[in-house]
Structures are given as structure tokens and as C-alpha cells.
Amino acid sequence: MRLGVLLCGLLLAVANVHAGERQTSLDWLKIVAFAAHQTDYGGVFVYQYDNRVETSRITHVVEPDSEYERLESLDGPKREVIRHHGQVWCHINHKMVQVGSRQARNRFPDLLPEQMSALSENYQVKEAGVERVAGYNTQVILFQPKDNLRYTRKIWAHTDTGLLLKTAVLGDKNQVVEQYAFTQVQIGAGVDRSWVKPATADVNSASGKPGSGLPGAGRGQGTSGLHGSMPGMLETGKGGTPINSGWVADALPAGFKKTMEVERPMHGKHAPVTQLVFSDGLSAISIFIEPFDADEDDADGLTTRGAVNLYHKVVDKHLITVVGEVPPRTVMQTLDSVRYNGK
Amino acid sequence: MKQEISALMDGELFEDEAENLLDRVKRDSDTHKDWEAYHLIGDVLRQPECIHRGLSAKVRERMQDEPTVLAPRGRAVKQKMRTFALSAAASLVAVGVVAWMSLQVGHEAAPQMAMQQNNLHPASVQIKSRSNDYLMAHQEFSPSTDMNGGAYYIRTVSYNPDEK
């Protein structure tokens with residue numbers, strides 16, 4: 001009898017330790033998400049996917065009004081991505097295109113309760129020691145999925161600030177699908193902010209940023225609406241209007257909850273595109289639905305870049321595209337289950 | 001040319017493009033060799049323990065060794081002709097089935113191959129530039145952007161040295 005009580009107590013204690021450990025790991029995620037938005041940092045990182053390596057420089061500066069971020073490729077043709085206040089500009093081949101914007105929406109830390117429960121239901125989360133990355137001490141955290149419909153994630157978070165200094169996505173056989181790692185990084189003070197306009201400046205003068213020069217193309221498309229909701233923005237850059245499209249996907253992996261459903265304009269498309277986004281807290285799957293234009297040279301098929309897989313297929317005269325940081329089988333399975341359920 | 005073949009094997013060509021290419025594969029022996037090599041590579045990647053090199057040549061040899069069935073004498077010529085026609089039809093069907101099966105296998109195997117041996121399949125590994133718009137639209141709402149800041153955007157503007 002006494003032995004039984006003892007055993008029970010022991011079991012409880014073990015369970016508690018486990019729950020506690022999981023909680024600490026999940027707490028790390030909050031810190032990481034907070035740090036990604038609230039820390040000034042700048043540095044050079046490598047992105048490795050498939051059999052390629054690319055080097056880029058990223059600068060992230062927090063101003064009282066919002067965040068500014070500049071990403072420049074250091075290899076190959078010059079490419080630049082600028083994000084500010086939820087707006088994204090892309091500078092490729094001397095052309096600046098505003099490619100999209102997301103509405104101010106709940107940031108990761110605000111979504112915590114449901115995202116966190118989805119996370120611990122579908123991943124084994126554990127701390128995996130302390131390692132050194134780019135000269136800083138980092139806490140390693142491992143997210144191992146409980147099914148084979150998602151990838152394993154490994155993150156290296158700076159022990160002081162929580163900033164992610166390295167991330168890796170691992171496949172079924174623990175092979176690296178893609179990874180990011182800073183090789184040199186400056187955190188906090190000393191980050192170059194000369195390219196950022198003072199918070200009070202007129203946003204249009206963003207075109208005066210050294211090296212970033214948002215040219216007429218971008219401006220003509222309504223950058224003046226950066227802070228407001230200019231009518232022109234609706235056509236070009238707005239993240240979209242929330243709708244209930246009536247489209248559903250039945251075979252999403254467990255724990256993927258719908259986080260968004262919008263009708264949005266898309267670069268290079270005449271008609272608005274319906275986008276549904278589902279997330280399990282770590283990865284997201286987007287489903288794009290648009291009327292199929294027979295002239296388009298879009299064939300059915302799967303394409304892969306690092307951890308992201310993209311699958312196209314024509315269903316009921318609609319071109320369906322599924323994109324996600326999930327294995328190929330998951331995007332294919334998801335697409336095959338997409339159907340129109342009526343409004 | 002090689003890119004086209006790999007695109008065909010990945011099921012990325014349109015029907016008319018595929019037909020043209022298949023015609024060329026049939027006529028041009030170099031192209032045919034490429035076609036065979038690519039399938040061989042795929043086989044090796046999938047089942048390294050059992051490799052069939054020069055499979056079609058071996059099948060041809062074996063076929064030549066097969067005894068020729070001679071129809072017994074005394075039958076009407078008409079009958080003989082019909083038997084011949086029937087067996088010819090049967091072998092045509094067999095060829096068709098084999099061809100169909102190889103097409104099925106080819107389609108199914110393509111994504112796996114693409115993932116395992118990137119060097120051989122540049123066309124399938126690289127996301128076409130029009131896909132970048134989807135990637136970008138997806139990236140905006142992915143939790144990874146919240147955790148890792150904008151670093152993931154590099155994915156959406158990745159360039160492809162092989163792309164024209």
C-alpha cells in the first residue's frame with residue numbers, strides 16, 4: 001500500500017517535471033517572438049537549402065512607431081526586401097515592387113494560448129543544451145513533430161535576448177532541409193540606423209532612404225497609404241478583405257487552425273485571389289484559390305525551395321495553389337482535399 | 001535538351017511539348033540515351049541494391065533467343081493469318097501496358113527523384129519566378145516570420161542561376 005502511494009507520488013513528480021520542462025521550452029518561444037520584433041540587430045547570415053548556400057545581410061531597427069527591416073542579398077544578383085509597418089517592398093533587377101502588406105494583426109505573442117496548445121499537442125518540445133553561434137551563447141530548442149506531416153524544427157536562441165541566431169528544419173531522417181545561421185551579428189546598440197527615416201517623417205520620403213530608394217513604381221502604387229487606408233491601396237498592396245469564401249480543406253494535419261481567410265489582390269494577377277491560412281503555431285499552410293485562366297501557362301505540379309513546398313492543381317475550373325513549410329506529402333494531401341462547400 | 005527531358009519526367013511539360021519531345025527521343029539516339037540514363041539514375045536512387053543497366057537492350061536480346069513458334073502444317077492460310085494478327089494485337093496491347101506502366105511509374109517517382117538528386121533536376125527544384133508571388137503572399141502570414149523576422153524573405157527572392 002505504502003509502496004503504491006510512493007509510486008504514485010513518484011509518477012506525479014516525474015509528470016510535473018516533464019510538464020515544467022515543456023513549459024520552459026514554450027516560454028522560450030514567447031521570448032523569441034518578442035525579441036524578433038523588439039530587438040535592434042544587424043548582421044550577416046547564411047541560408048542553406050537543397051545544395052545551395054546564400055549569404056545575406058539583415059538590419060532590423062525598432063522605432064517608437066514601428067519596425068524597419070532591410071534584407072539584402074550579398075551573393076548573385078542584387079535583391080533587397082524592405083519591410084516597414086507591415087508593408088513589404090522588393091527590389092529586384094533595379095525594379096522596386098510593392099509585393100504585399102499584412103494588416104496590423106495579432107502578433108505571435110498575442111496568439112499564444114491556442115497556438116501554444118496546438119504546439120504542445122503536435123510537437124514534442126524540449127531544450128537541447130547550450131551552444132555557441134556567431135560568438136554568442138544560445139539555448140537550443142527542439143520541436144519534434146508527433147506525425148510525419150510536418151518537419152522537425154531546431155532553433156538556437158540567444159540566451160540573453162532570445163533573438164534567433166540559427167534555425168534548422170529537419171526531415172524524416174534528420175537530414176537538414178534548410179537552415180539559417182548568423183555568421184556575424186550585432187545585437188542592441190551599434191546597429192546602423194542611418195537608412196531609417198525618423199518616425200515622424202512623411203512616409204513618402206521613404207524613397208529618399210539611401211540605398212533603398214523606393215522609386216516611382218512603388219510610390220505610384222500607393223505607398224502614400226503606408227499609415228492610412230488610401231483607396232489606391234486596396235488595389236495593390238492591402239493584405240485583403242476578410243471573407244467567407246466557402247472553400248474548405250478536409251485533410252489538413254491535426255492542429256492546423258484557420259488564422260485568416262481573405263480576398264486579396266496579388267502581384268501579377270488581374271482578379272483578386274482568395275487566400276486561406278492555417279497554422280499549427282510553427283508552420284503555416286496557405287491555400288490560394290483563383291479562377292483558372294486557360295491562357296496561363298501554369299501546369300499542375302510540385303515545386304520545392306528549402307522547407308517550403310508549393311503545389312498547383314486545377315480543380316473545378318479553379319487554380320488551387322497550396323504553399324507551406326511542410327513536407328511535399330502534406331501540401332499534396334491538403335490540396336487534394338480542397339473543395340467548395342458553398343457559402 | 002537535358003532540362004526538357006527532366007521536365008518531362010517530372011511531368012512539367014504540356015501535352016504537345018511532351019509529344020514533341022517523345023518523338024525526338026524516339027528518333028535521336030543521343031536523346032534516347034539521355035532519357036535512359038535519367039531513368040537509370042532514378043532507379044539507382046530509389047533502389048540502389050538492384051540496378052538494371054541497359055535493360056531495353058537485354059530485353060531485345062532475350063526476345064531474339066525466344067523460340068519462334070511455327071504453326072503446324074495443314075491449317076488454312078486464313079486461319080494462320082488470323083492467329084498471327086491476334087498475337088500481334090496481343091503484343092501491341094502488352095507494349096501499351098508496359099508503356100502505360102512506365103509512364104505511371106515515371107510520374108510518381110518524379111518528386112522523389114527531384115528531392116534526392118538536385119543536381120540532375122534543376123528545373124524541378126527551383127521555384128519558378130511566378131511562384132515567388134505565392135511564396136511572398138504566404139510568407140506574410142507565416143508564424144516563422146514572427147519568430148525569425150524577415151530573414152525568411154530571402155527564400156521568396158532566391159535567384160536561380162540556371163533560370164533563363
Side-chain angles (χ1 to χ4, degrees), chain A residues 29 32-33 36-37 45 47 49-51 54 56 58 60 69 71 73 76-77 79 81 83 88 90 92 99-102 107-108 115 155 164 167 180 239 259-260 264 266-269 273 275 277 279 281-284 286 288 298-306 308 310 321 323-325 328, chain B residues 6-18 107-163:
Chain A
L29 267 190
V32 162
H37 293 291
F45 68 92
Y47 170 42
Y49 69 100
D50 304 329
N51 53 353
E54 267 197 72
S56 314
I58 190 165
H60 180 265
E69 187 177 80
L71 173 70
S73 64
R79 288 147 295 137
V81 177
R83 294 200 305 149
V88 185
C90 206
I92 304 173
V99 285
S101 71
R102 56 199 234 171
R107 292 294 191 184
F108 187 82
Q115 299 246 13
I155 63 173
L164 280 197
T167 69
Y180 293 82
T259 58
M260 205 189 68
R264 55 173 296 157
M266 223 166 100
H267 181 237
K269 302 277 176 193
V273 175
Q275 181 181 8
V277 185
S279 172
L282 271 193
S283 305
S286 282
F288 297 92
D298 259 322
D300 292 5
L302 177 80
T303 30
T304 302
R305 179 175 295 161
V308 175
L310 182 149
T321 308
V323 185
E325 302 92 62
Chain B
S6 87
L8 173 64
M9 287 169 58
D10 292 339
E12 286 178 350
L13 288 190
F14 286 105
E15 210 171 308
D16 51 341
E17 284 175 317
H107 271 284
E108 196 183 285
Q112 294 168 9
M113 281 185 70
M115 271 172 283
Q116 289 178 18
Q117 188 48 289
N118 308 310
N119 291 333
L120 293 167
H121 292 275
S124 64
V125 176
Q126 306 298 342
I127 286 194
K128 292 157 212 114
S129 51
R130 65 171 175 274
S131 306
N132 281 350
D133 296 327
Y134 293 104
L135 275 187
M136 192 70 88
H138 169 74
Q139 195 68 56
E140 291 168 41
F141 301 101
S142 169
S144 57
T145 308
D146 270 326
M147 283 177 52
N148 205 16
Y152 280 104
Y153 273 92
I154 196 65
R155 196 148 56 189
T156 61
V157 291
S158 252
Y159 75 101
N160 173 5
D162 310 318
E163 226 167 308

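For clarity, every value in this text was computed on a predicted model and none was experimentally measured. Values below: all heavy atoms of this structure, side chains included; hydrogens, waters and symmetry mates excluded. Proteins come first, then strands; the chains are lettered A, B, ... in the order of their sequence lines, and each starts at number 1.
- Atom-to-atom distance recorded for A:T321:OG1 and B:H138:NE2 is 12.5 Å, nearest 0.5 angstrom.
- Of the atoms belonging to A:V81, it is side-chain heavy atoms, and not backbone ones, that fall under 4.5 Å from chain B.
- Within the 4.5 angstrom heavy-atom criterion, atoms from both the backbone and the side chain of A:E325 approach chain B.
- For the options A:S286, A:S73, A:A36, heavy-atom pairs under 4.5 Å to chain B are most numerous at A:S286.
- A:A284 approaches B:S142 most closely through the heavy-atom pair CB-CA, 3.9 Å.
- Between B:M136 and A:C90 the shortest heavy-atom distance is CE-SG, 3.7 Å.
- Across A:R305 and B:L135, no two heavy atoms sit closer than the pair NH1-CD1, 3.8 Å.
- A:V323 touches chain B through backbone and side chain together, each having a heavy atom under 4.5 Å away.
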